[in-house]
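Owing to the predicted nature of the structure, the values given are computational and were not obtained by experimental measurement. Only this structure's heavy atoms are used, side chains among them; waters, hydrogens and symmetry mates stay out.
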Amino acid sequence: YRLPLAAVAMALRTAFTGSETGVYREKGEEYTIRVQLQEAQRDYTQSLQDLALTLGPLSIPLTQLGRLEYRVSDAEIRHKNKLRIGHLHGNRFEVVLGDLRPGEAETLESRLRELAEQGVPNRFGRQRFGAAGDNLAHGLAVLRGECRQLDARRRRLLLSAVQSAVFTHVLEVRAAEGGLLLVRDGDILEKVASGGQFVCTDVAAEQKRVDAGEIVPTGPLPGSHVRSPEPGTAARQLEDRALADLGIGEDELGRVGRGLPGDRRPLVVKVTLADPAVTVAPSGLCLHFSLPPGSYATVVLEALGAEAD
């Protein structure tokens, strides 16, 4: 059938854990629409055998795509100290690229190693803004009280989409006006080794450190406690302009309070290659790399010129 593995994984996730497919609005309130099997079916192992993938006019039983095996797992391990926000060091990825043209594998490997040297733009993946790309519009409506979102998780997701849109636009403006690694007066810079942040007061000196890979400029995820460049500086003017481009007020996100503290995010992040970084799998070329927390593998694929299913 030549179905992408991602399509199979999505069908399983939708069936058993559910997928958010939209939002129902009534009288100014929003209700998240989640599609999944009924609880009785999710607890019944035969449901997995009977599951079928729908692709256009075809309905393909999962059993025709592979062999289902039931095995006894290792003993369950419970952690007393659960992973908290900020405790994640990074994420390892294994991405398989198939249907490659002759010579394309060598080109992709070379390009991946270039990205490891140069870094990649730390933009958010398109999935951050929803399947229909409308999370920003919904988030602004929630932010401004134009609709109520009763689901706390959904509300946080929509407001974070607004923050992400601001950061992404700042990144785009900086890329178009001198490049992401160009230091500006007033920039909030981040130390690559420690993550510590400080204000740029000597553009020439800090530019040398950026060029050496010691520090990197940051962009805003606006909120109530986020650090901003000083008024009147070049960095502040650029960030204010980005907010204005999106039609967002300077303190609009800050007024949300403790529920949306905000942060600064590096504009460029390092791609750390595994050893080996590239292997050949039966299904295609497998890339092995790591990214810092919150960075997207899909951005790396875009930089490679590869399409993600």
Side-chain angles (χ1 to χ4, degrees), residues 107-108 110-129 133 135-136 139 160-192 195 197-200 202-223 226-230 232-248 250 253 262-272 289 291-308:
T107 301
L108 286 169
S110 175
R111 180 60 181 142
L112 180 64
R113 295 191 184 281
E114 288 179 8
L115 295 180
E117 292 289 331
Q118 303 168 1
V120 293
N122 199 20
R123 66 169 56 88
F124 288 91
R126 286 174 290 183
Q127 59 267 44
R128 183 74 163 190
F129 303 102
N135 279 2
L136 172 59
S160 71
V162 179
Q163 293 178 305
S164 303
V166 173
F167 174 86
T168 297
H169 191 50
V170 168
L171 183 149
E172 291 170 347
V173 172
R174 293 187 69 125
E177 299 181 5
L180 297 179
L181 296 179
L182 177 67
V183 177
R184 292 167 170 80
D185 177 43
D187 263 338
I188 309 297
L189 303 170
E190 181 172 298
K191 299 176 182 178
V192 173
Q197 296 181 353
F198 64 96
V199 178
C200 171
D202 187 334
V203 171
E206 304 305 354
Q207 185 66 64
K208 292 179 180 179
R209 296 181 67 192
V210 168
D211 295 341
E214 297 177 16
I215 58 177
V216 63
T218 66
L221 293 169
V226 66
R227 192 174 192 177
S228 297
E230 290 296 321
T233 60
R236 180 61 174 268
Q237 290 172 0
L238 186 149
E239 293 183 11
D240 287 348
R241 179 155 48 93
L243 283 169
D245 288 346
L246 295 174
I248 301 174
E250 182 179 334
L253 285 157
D263 202 353
R264 303 288 306 188
R265 177 180 171 95
L267 292 169
V268 175
V269 290
K270 182 179 181 182
V271 181
T272 303
F289 59 90
L291 292 172
S295 298
Y296 287 74
T298 51
V299 174
V300 176
L301 297 182
E302 290 171 6
L304 289 172
E307 294 183 2

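Taking 4.5 Å as the limit, every side-chain heavy atom of L221 sits out of range of all side-chain heavy atoms of V166. Side-chain contact check for V271 versus L291: some heavy-atom pair is nearer than 4.5 Å. Residues Q127 and T298 have side chains in contact (heavy-atom distance under 4.5 Å, counting atoms from C-beta outward).
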Test side-chain contact (heavy atoms from CB on, under 4.5 Å) applied to F198 and I215, step by step: CA-CA 10 Å; F198 64 96; I215 58 177; 4.0 Å; yes

Stepwise side-chain contact (heavy atoms from CB on, under 4.5 Å) check, R227 with V199: CA-CA 10 Å; R227 192 174 192 177; V199 178; 3.5 Å; yes

side-chain contact (heavy atoms from CB on, under 4.5 Å) between E114 and R111, worked out: CA-CA 5 Å; E114 288 179 8; R111 180 60 181 142; 3.0 Å; yes

Criterion side-chain contact (heavy atoms from CB on, under 4.5 Å) on F124 and V299, from CA distance to verdict: CA-CA 8 Å; F124 288 91; V299 174; over 6 Å; no

Only distances under 3.5 Å count here; give the side-chain donor-acceptor pairs of residues 173-182 to other protein atoms, sequence neighbours excluded, each with its distance to 0.1 Å.
residue, atom, partner, partner atom, Å
R174, NH1, D187, OD1, 2.8
R174, NH2, L182, O, 2.9
R174, NH2, D187, OD2, 2.9
E177, OE1, R241, NH2, 3.1
E177, OE2, R241, NH1, 3.1

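A donor-acceptor distance shorter than 3.5 angstrom exists from the side chain of Q207 to the backbone of V183, with no hydrogens or angles considered. Formation of a donor-acceptor pair under 3.5 Å by the R236 side chain with backbone atoms of E230 is not found in this model. Judged by distance alone, the side chain of T218 and the main-chain N or O of I188 form a donor-acceptor pair under 3.5 Å. For Q163 (side chain) and P222 (main-chain N/O), a donor-acceptor pair under 3.5 Å exists by modelled atom type.
Note that CG of L267 is 10.0 Å distant from CD of E190, once rounded to the nearest 0.5 Å. Separating the CG atom in L238 from the CG atom in L243 is a distance of 10.0 Å, to the nearest 0.5 Å.
For the residue pair D202 and A205, the shortest heavy atom distance occurs at OD1-N, 3.2 Å. Heavy-atom minimum distance, Y296 versus R123: CD1-O, 4.1 Å. For the pair D185 and C200, the tightest heavy-atom approach, listed with the atom from each and the gap, is OD1-O, 4.3 Å. N122 approaches S295 most closely through the heavy-atom pair OD1-OG, 2.8 Å. Closest heavy-atom contact between A161 and N135: CB-CB, 3.7 Å. The two residues A234 and R184 come nearest to each other via the heavy atoms CB-CB, 4.2 Å.
For the salt bridge (charged side-chain N to carboxylate O under 4.0 Å, His left out) condition, the pairs that include at least one residue of residues 204-214, sequence neighbours left out, are E206-R209, R209-E214.
Taking the charged nitrogens against the carboxylate oxygens, E239 and R264 do have a contact shorter than 4.0 Å, which makes a salt bridge.
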